[in-house]
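Down below is the structure, laid out as structure tokens.
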Amino acid sequence: MMQITFKDGNVKSFDEGMSPEEIAGAIAPGLKKKAVAAYVNDELYDLNRPIYQDAKLDIITKDNQEALEVLNHSTAHLMAQAVKRLYPDAKFGVGPAIKDGFYYDIATEHTITDDDLPKIENMMRRIVKEQESMMREEISQAEALARFKDDPYKRELIEELPEGEIISIYTQGEFVDLCRGGHIGNTRHIKHFKLLSVAGAYWRGDSDREMLQRIYGTAWFNKEALEHHLKVLEDRKERDHRKLGKELKIFMLDKRAGQGLPIWLPNGYTIRRTLEDYVYNLERKNGYLHLSTPVLGTKELYQISGHFDHYQDDMFPLMKDKDETFVLRPMSCPHHMIVYNSELRSYRDLPLRYAEIVTQHRYEASGALSGLERVRAMTLTDSHIFARKDQIKTEVLNAYRLILQVIKDLDLTIDYIELALRDKTKGKFHDDDKLWDEAEATLKQLLDEENIDYHEVKGEAAFYGPKIDIQVRTAMDHVITMSTVQLDFLLPERFDLTYIGKDGEKHRPVVIHRGLISTWERLMSILLEQYKGAFPTWLAPTQMRLIAVNQEAHGDFTQNLHEQFIDLGFRSSIDLREEKLGYKIREAQTQKIPYQLVIGDNEVKNNTLTYRRYGQKEQTTVSVQAFIDMINNEIKHKTKHAE
RNA sequence: GCCGCUUUAGCUCCAACAGGUAGAGCAAUUCCAUGGUAAGGAAAAGGUUGCUGGUUCGAGUCCAGCAAGCGGCACCA
């Protein structure tokens with residue numbers, strides 16, 4: 001007998017060799033039914049893996065987050081088995097659980113297409129019916145190598161495991177896989193799944209190695225959860241900024257204009273200008289000085305900064321004149337360094353906060369381009385703060401607080417904050433250890449002092465210094481870097497920046513790079529998806545659409561109202577077409593205009609108007625002045641409305 | 001850049017059997033109608049089926065190359 005200690009502290013005796021599944025069944029049939037895997041002495045165990053000694057047992061049920069991972073991981077194995085039956089030459093890479101799903105990387109002569117997915121699903125269902133038990137076995141490295149002698153990818157993984165490490169393999173029917181576990185015990189537990197897509201993926205994420213075929217899928221514990229997830233995926237398609245951007249005439253792409261070179265249409269540009277004005281004023285209030293620099297620079301400028309060495313391949317082809325070579329600028333810091341150096345600076349001048357709405361060009365890989373999310377021409381609000389070392393903390397915090405303000409005003413959600421550090425083993429960073437250590441320590445200390453939660457990530461720093469990245473989760477469930485504060489001791493050296501200190505001597509300032517809203521292009525894609533195209537009044541390209549019930553009787557009043565709104569700075573539009581009322585109303589709704597105003601006898605008589613908010617059925621009649629006050633208030637407070 | 005898929009009218013993963021010269025809806029145009037909250041009716045028009053080449057008596061359809069888009073991977077100062 002062995003003593004099993006449960007989560008609640010209870011201890012019970014069971015026969016040695018019983019599995020978590022059997023123990024769960026012995027406690028309560030309901031628990032056995034809900035059980036997915038278990039932690040035995042904090043080690044993840046399969047449901048059917050025998051326990052041989054006294055242990056602490058924690059049954060993972062379907063309600064746990066880990067349970068979904070176990071299920072998806074097991075579904076990946078199930079899929080691999082099905083693929084192997086259909087395409088016997090298949091060799092396997094890795095097949096992990098990921099958020100809301102799983103994938104498996106496969107090498108086979110057969111090209112897997114979307115049409116194959118139902119076939120694979122059918123085979124998977126067959127294996128589920130076969131009720132294959134998923135059995136764990138622990139073997140030596142030598143034995144593992146022998147077992148997987150025909151599987152080059154698995155062999156590579158085995159060879160890299162540390163000497164003496166116990167290797168576990170899982171067998172279900174005829175299928176054997178190298179795997180750490182835990183698993184769900186038997187294929188019969190896998191019922192609700194769907195294969196979603198096929199894609200290519202480099203073996204081990206290395207673009208110098210061969211490409212495998214990757215199948216993505218998703219698995220859930222019940223039909224409702226699966227259907228719900230598929231619905232979420234459908235909803236994302238409806239939100240897609242490329243679809244909404246076309247429907248609402250926000251932007252366009254045309255291959256004659258150039259791949260990845262978007263055109264902002266009047267509606268989109270109106271939103272962008274509103275955002276630009278907002279940021280410009282916010283920066284002005286926070287002591288930033290705005291300037292403007294050219295989109296072209298000399299190659300030499302970027303050689304001094306070091307960008308040319310690092311990013312040459314991602315820059316547009318060089319333009320060569322007789323004596324000079326120009327680059328289409330991929331970023332703006334070097335120009336700002338030159339501005340700093342154009343005068344003799346005193347310690348009293350610092351901090352100096354330069355900001356610019358910068359258009360820059362990057363020759364992104366063709367396969368990376370996507371709508372407004374990833375483009376080759378982009379505009380952003382960039383800033384470089386020149387400061388003394390004793391000002392770093394205040395300036396970084398000021399920048400951070402400004403970022404928080406903007407993120408709040410735009411209804412964005414911070415997912416986490418990342419402190420991106422250097423990884424010495426990677427060559428892409430400058431190699432002055434002293435500068436790195438100091439910069440990294442400064443940021444770390446600052447975050448700790450302010451009690452800001454953050455994840456450290458090695459190897460994600462800029463080549464010139466560490467950075468604090470503000471990671472935002474979008475409506476599409478993507479995590480993107482929205483804002484960044486970077487501490488740079490390198491460029492001041494490269495450009496020989498100095499200021500005269502109190503002591504009359506020359507000192508080196510530091511540069512803080514601050515990115516606020518990624519780029520206007522990417523922000524636009526995120527906002528479109530977030531608001532599903534229904535922008536709050538302060539951003540909406542058209543804020544109100546005026547419709548007269550009868551042109552003859554109410555046309556003049558409506559026209560006057562429209563002119564009054566335009567005078568007030570509202571983005572008003574009037575529909576004068578000889579069309580039925582219902583037709584005009586439908587159009588105002590499909591264009592997602594926040595306010596739709598209908599003017600008839602009552603309104604003309606009482607100097608009122610009747611509005612309907614986008615997406616609502618309710619009609620409200622108010623005085624013209626009350627409406628104006630309401631709109632002004634919404635714009636001022638950036639009021640958002642429920643969808 | 002790499003792997004796979006896709007490309008038909010301004011828009012819509014809307015049509016065209018198995019190779020026989022392209023069919024809708026909406027929008028736009030013209031005419032008629034039009035007073036209260038999501039599509040009034042009619043007419044006429046709209047196409048070098050992404051581009052280039054090949055196979056064939058004949059190609060939207062089959063093949064090759066290229067381009068762009070899409071799903072991923074790699075990349076992202």
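A quick note: this is a predicted structure, and the numbers were derived from the prediction, not measured. The chains referred to below are lettered A, B, ... by the order of the sequence lines, with proteins before strands, and numbering in each begins at 1.
Summarising the local packing, OH of A/Y454 is surrounded by more than 12 heavy atoms from other residues, nucleotides or ligands at distances under 6.0 Å. More than 12 heavy-atom neighbours from other residues, nucleotides or ligands sit within 6.0 angstrom of NZ on A/K84. Atom CD of A/E160 has more than 12 heavy atoms from other residues, nucleotides or ligands within 6.0 Å.
For the 3.5 Å distance criterion, the side chains of A/Q591 and A/Y614 fail to qualify, holding no donor opposite an acceptor. With no hydrogens or angles considered, no side-chain donor-acceptor pair links A/S366 and A/Q259 at under 3.5 Å. Checking A/T608 against A/T621 by side-chain atom types alone, no donor-acceptor pair falls below 3.5 Å. For the residue pair A/Q596 / A/Q589, a side-chain donor-acceptor distance below 3.5 Å is found, with atom types taken as modelled.
Counting any heavy atom pair closer than 4.0 Å across all strands shown, A/R214 reaches sugar-phosphate atoms only and no base atom. Contact annotation for A/D601: base contact, defined as any heavy-atom pair under 4.0 Å involving a base atom. Residue contacts shown for A/T590 include a base, since a base heavy atom lies under 4.0 Å away. Using a 4.0 Å heavy-atom cutoff across all strands shown, A/D314 reaches at least one base atom of the nucleic acid. At a threshold of 4.0 angstrom between heavy atoms, the contacts of A/G367 include nucleobase atoms, whether or not backbone atoms are also involved. Nucleic acid contact for A/E373: none, since no nucleic acid atom lies under 4.0 Å from a heavy atom of the residue. Residue A/H310 is out of contact with every strand shown, counting any heavy-atom pair closer than 4.0 Å. Residue-level contact check: A/T610 touches the bases, meaning some heavy atom is under 4.0 Å from a base atom. Heavy atoms of A/Y464 sit under 4.0 angstrom from primed sugar atoms or phosphate atoms, though from no base atom. Residue A/D313 is classed as having no contact, given no heavy-atom separation below 4.0 Å to the nucleic acid. Counting any heavy atom pair closer than 4.0 Å across all strands shown, A/A199 reaches a base atom. Residue-level contact check: A/G582 touches the backbone only, with heavy atoms under 4.0 Å from sugar-phosphate atoms and none from bases. Looking at heavy-atom distances under 4.0 Å, A/Q596 makes contact with a base. Residue A/N550 is classed as a base contact, given a heavy-atom separation below 4.0 Å to a base.
At a cut-off of 3.5 angstrom, the base of B/rC75 holds at least one donor-acceptor pair with the side chain of A/R374. Counting atom types as modelled, A/Y202 pairs a side-chain N or O with a base atom of B/rG1 as donor and acceptor under 3.5 Å. Looking at A/Q213, its side chain has no donor and acceptor atom pair within 3.5 Å of the base of B/rG72.
The gap from the P atom of B/rC3 to that of B/rC66 amounts to 11 Å, rounded to the nearest Å. Distance noted for atom C1' between B/rA44 and B/rG35: 31 Å (whole Å). Annotation: B/rC73 and B/rA39 have their P atoms spaced 43 Å apart (nearest Å). Here the separation of B/rU49 from B/rA59, taken at their C1' atoms, is 11 Å to the nearest Å. Nucleotides B/rU7 and B/rG50 are separated by 8 Å at their P atoms, to the nearest Å. For B/rC63 and B/rG19, the P atoms lie 11 Å apart once the distance is rounded to whole Å. Across the C1' atoms, B/rA16 and B/rU55 are found 22 Å apart, a figure rounded to whole Å. Rounded to whole Å, the C1' atom of B/rC26 lies 15 Å from the corresponding atom of B/rA38.
Spacing between atom OH of A/Y614 and atom C1' of B/rA38 amounts to 11 Å, rounded to whole angstrom units. Between A/I547 atom CD1 and B/rA39 atom P there is a gap of 13 Å when expressed in whole angstrom units. We find that CE of A/M211 is positioned 12 Å from C1' of B/rC75, with the value rounded to whole Å. In this entry the distance linking NZ of A/K584 with P of B/rG35 reads 11 Å, nearest Å. For the pair A/E210 CD and B/rC73 C1', the computed distance is 13 Å after rounding to whole Å. Per the geometry, CD belonging to A/E418 stands 13 Å off P belonging to B/rC76, to the nearest Å. The distance from atom CG of A/D206 to atom C1' of B/rC75 is 12 Å, rounded to the nearest whole Å. Look at CG on A/L117: it is 15 Å from P on B/rG4, rounded to the nearest Å.
Distances from the side chain of A/Q619 to the nucleotides B/rA74, B/rU37, B/rC73 place B/rU37 closest.
Judged by closest nucleotide on RNA chain B, A/D114 is the one of A/D114 and A/S197 placed further toward the 5' end. Nucleotides of RNA chain B nearest to A/A365 and A/T484 differ in position, and the one nearer the 5' end is that of A/A365.
Residues satisfying the side chain to side chain donor-acceptor pair (under 3.5 Å) criterion with A/E440, sequence neighbours excluded, are absent altogether.
For the pair A/R613 and A/Y595, the cation sits on the ring face: its NZ or CZ lies under 6.0 Å from the ring centre, inside 45° of the axis. For A/R214 and A/Y104, the positive end is not near the middle of the six-membered ring at less than 6.0 Å and at most 45° from its axis.
A donor-acceptor contact shorter than 3.5 Å links the side chain of A/S305 to the backbone of A/H307. In this structure a side-chain-to-backbone donor-acceptor pair under 3.5 Å is present from A/Y302 to A/M331.
A salt bridge is defined here as a Lys NZ or Arg NE, NH1 or NH2 lying under 4.0 Å from an Asp or Glu carboxylate O, and A/D206 with A/R204 fails to meet this definition.
Residues A/P492 and A/F386 have side chains not in contact (no heavy-atom distance under 4.5 Å, counting atoms from C-beta outward). A heavy-atom distance below 4.5 Å is found between the side chains of A/M252 and A/L265. Considering only heavy atoms from C-beta on, A/V549 stays 4.5 Å or farther from A/I599 through its side chain.
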Can you check nucleotides 12-17 of chain B for protein contacts, nitrogen or oxygen pairs under 3.5 Å, and list what you find?
residue	atom	partner	partner atom	Å
B/rU12	OP1	A/K246	NZ	3.3

What N/O pairs connect the protein and nucleotides 65-69 of chain B at under 3.5 Å? Give each pair on its own line.
residue	atom	partner	partner atom	Å
B/rA68	OP1	A/Q259	OE1	2.9
B/rG69	OP2	A/Q259	NE2	2.8

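Residue pairs meeting the salt bridge (charged side-chain N to carboxylate O under 4.0 Å, His left out) criterion with at least one member in residues 544-558 of chain A: none, sequence neighbours excluded.
Screening A/R236, A/R239, A/H241 for a side chain to side chain donor-acceptor pair (under 3.5 Å) involving A/E529 leaves a single residue, A/H241.
With a 3.5 Å limit on both pairing distances and Watson-Crick or G-U wobble geometry required, the stems of 3 or more pairs in RNA chain B span B:1-7 with B:67-73, B:10-12 with B:24-26, B:29-32 with B:40-43, B:50-54 with B:62-66.
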Classify every nucleotide of nucleotides 26-34 of chain B by which part a protein heavy atom approaches to under 4.0 Å, writing B for the base, S for the sugar-phosphate alone and - for neither, in 5'-to-3' order.
-SS----BB
